[in-house]
There are 2 protein chains.
Amino acid sequence: MDISHTEENYLKAIFKISERNGKPASTNAISNEMNTTAASVTDMVKRLSDKTLIHYERYRGVTLTGQGEQIATHLIRKHRLWEVFLVDKLHFSWDEVHEIAEQLEHIKSKRLVERLDEYLGFPKFDPHGDPIPDADGNFTIRKQALLSELKTGEQGPVVGVHDHTTAFLQYLDRMELVLGTTVKVLEYFEYDESMRVLINNEREQLLSKKVCQNLFVQKQ
Amino acid sequence: MDISHTEENYLKAIFKISERNGKPASTNAISNEMNTTAASVTDMVKRLSDKTLIHYERYRGVTLTGQGEQIATHLIRKHRLWEVFLVDKLHFSWDEVHEIAEQLEHIKSKRLVERLDEYLGFPKFDPHGDPIPDADGNFTIRKQALLSELKTGEQGPVVGVHDHTTAFLQYLDRMELVLGTTVKVLEYFEYDESMRVLINNEREQLLSKKVCQNLFVQKQ
DNA sequence: AAAAATTTTTAGATTAACTTAAAAATATGT
DNA sequence: ACATATTTTTAAGTTAATCTAAAAATTTTT
């Protein structure tokens, strides 16, 4: 059975939505994620159901079958491995790689993925700190919290971002808040929910509510 | 203007055919190269003509416009650069890379190609000895001849293959006739057009007519 | 130069992926 | 619980890319 580029993207969207909301993906949620119409989704969802890649009952939303989930996680695996390649080997910055990886993830070759993984040193996380699933679709789980959830005095290394937009990533670059940087909460301002933090035990910095709510820090 | 995966493949086919035959690509030649029907080609050729990527007059064959040629050579550039990547960095063998590169060549990102080129050390030839065009579509030209065209006593390094099939490439691997190997013609047998050659000034080898007609050797 | 063979184009259909607009089903508010 | 709002599906149609079969144009043969 072969599966189109488009079908793959639908499966990935369904995976993301279900993971995010912890429940079946609605037609509207999918159309929104895919920048298409609800009618197109209904159409596609029938086809994916015929191929037993999803469970679908009209008006009840969509979940992935084992097969469908396997394809979705494999796409994510490829996407994130390619992102590592682009950053580590070709020296792209972390805000430039998403769109290219969006194309590269559709390249079909089992051996290519295996060799790329090996070449990159079997990385477990991509340049944004997102976990790279293994060949069976298992993600490494890490104890993490948003910086905004830490209490005064708590600290940890920055391990990921919640917001993946170029704007945020470039902001972090300018602040020299790369992955691995240690952040310690010195003071919390209830007024605007901002924080004064100590970065790498060296310099102090004021971070806005929005920034704190989008930075993942490793726990304990 | 955007151009589909399929349209790109047509342009590449037209480029190859015109280059091979030194005249406009016929509908049949294209349908043959693309494994499709003449009717499909006529259809597509109209669309490419509307986009001013080719010159087309019915019953008279097809040539590429400047724009079309630019796209075709850029595809070849990407294809061959990716082949170098697969062989040099991921350690694929030269008979395994064509199909993967066939997919990778469609990835759209100017910066990616530039960075890949740099990462690979600006190679001028791919793993099969085919020239890699530069960003302007110019190919490095090399003085070469088929081994079968050499006279007794002449010699040169192997620089390319005419036949790109897996069977031939694997045969060369088994014979340890990789690119760079020096071959000297010791004797020519008129009977079956085979040759006795000296390889790397070390060992003698008998090569069949077919092999000699598919190996490129650097001249003078 | 006419007949035969080949090549190319047109005509008519199909499929995947998409759209808009209307109808149907489900969910929500009072 | 019923009217209203929202979500989802169906219906009908479009476009790119393909196909088969038949017609038309070109080339080759004699």
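Quick caveat: nothing in here was measured; it's all calculated off a predicted structure. Note on naming: letters A, B, ... go to the chains in the order of the sequence lines (proteins, then strands), and numbering restarts at 1 for each one. Computed from heavy atoms alone, side chains included, the values below leave out hydrogens, waters and symmetry copies.
- We find that E96(A) and R111(B) are joined by a salt bridge, their nearest charged nitrogen and carboxylate oxygen being less than 4.0 Å apart.
- With salt bridges taken as basic N to acidic carboxylate O contacts below 4.0 Å, none links E105(A) and K78(A).
- By the 6.0 Å contact criterion, CZ on R142(B) is enclosed, its count of non-hydrogen atoms from other residues, nucleotides or ligands being greater than 12.
- Rounded to whole angstrom, the span from the CD1 atom of I3(B) across to the P atom of dT15(D) amounts to 20 Å.
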Using atom types as modelled, flag every donor-acceptor pair under 3.5 Å from a side chain in residues 121-137 of chain A to any protein atom, sequence neighbours excluded.
| from | atom 1 | to | atom 2 | distance (Å) |
| --- | --- | --- | --- | --- |
| K124(A) | NZ | F122(A) | O | 3.0 |
| D126(A) | OD1 | H128(A) | N | 2.7 |
| D126(A) | OD1 | G129(A) | N | 3.1 |
| D126(A) | OD1 | D130(A) | N | 3.0 |
| H128(A) | ND1 | E83(A) | OE1 | 3.1 |
| H128(A) | NE2 | W94(A) | O | 2.7 |
| D130(A) | OD2 | H164(A) | NE2 | 2.7 |
| D134(A) | OD1 | D136(A) | N | 2.8 |
| D134(A) | OD1 | G137(A) | N | 3.0 |
| D134(A) | OD1 | N138(A) | N | 3.0 |

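- Among the atoms of the strands shown, base atoms are found under 4.0 Å from some heavy atom of T37(B).
- With rounding to whole Å, M44(A) atom CE is found 15 Å from dT9(D) atom P.
- For DNA chain C, the outermost nucleotides in 5' to 3' order that have an atom under 4.0 Å from a heavy atom of chain A are dA16(C) to dT26(C).
- At the phosphate of dA16(D), neither OP1 nor OP2 sits under 4.0 Å from any side-chain N or O atom of Y10(B).
- OP1 or OP2 of dA17(D) has not a single side-chain nitrogen or oxygen of S40(B) nearer than 4.0 Å.
- Side-chain N/O atoms of E193(A) and S148(A) include no donor and acceptor closer than 3.5 Å.
- In terms of position along DNA chain C, the nucleotide closest to T36(A) lies nearer the 5' end than the nucleotide closest to the other residue of the pair T36(A) and Y59(A).
- Of the two residues near DNA chain C, T6(A) and T42(B), the one whose nearest nucleotide lies more 5' is T42(B).
- Atom pair D2(B):CG and dA16(D):P shows a separation of 11 Å (rounding to whole Å applied).
- For S26(A) and dT7(D), the shortest distance from a side-chain N or O to OP1 or OP2 is not below 4.0 Å.
- Picking from dT9(D), dT10(D), dT18(D) the nucleotide with the shortest atom distance to the side chain of K46(A) gives dT10(D).
- In this entry the distance linking CG of D43(A) with P of dA12(D) reads 14 Å, nearest Å.
- Test T42(B), T37(B), D43(B) against S40(B) for side chain to side chain donor-acceptor pair (under 3.5 Å) and you get one pass: T37(B).
- Side chains of H162(A) and Q213(A): a donor-acceptor N/O pair is absent below 3.5 angstrom, by distance only.
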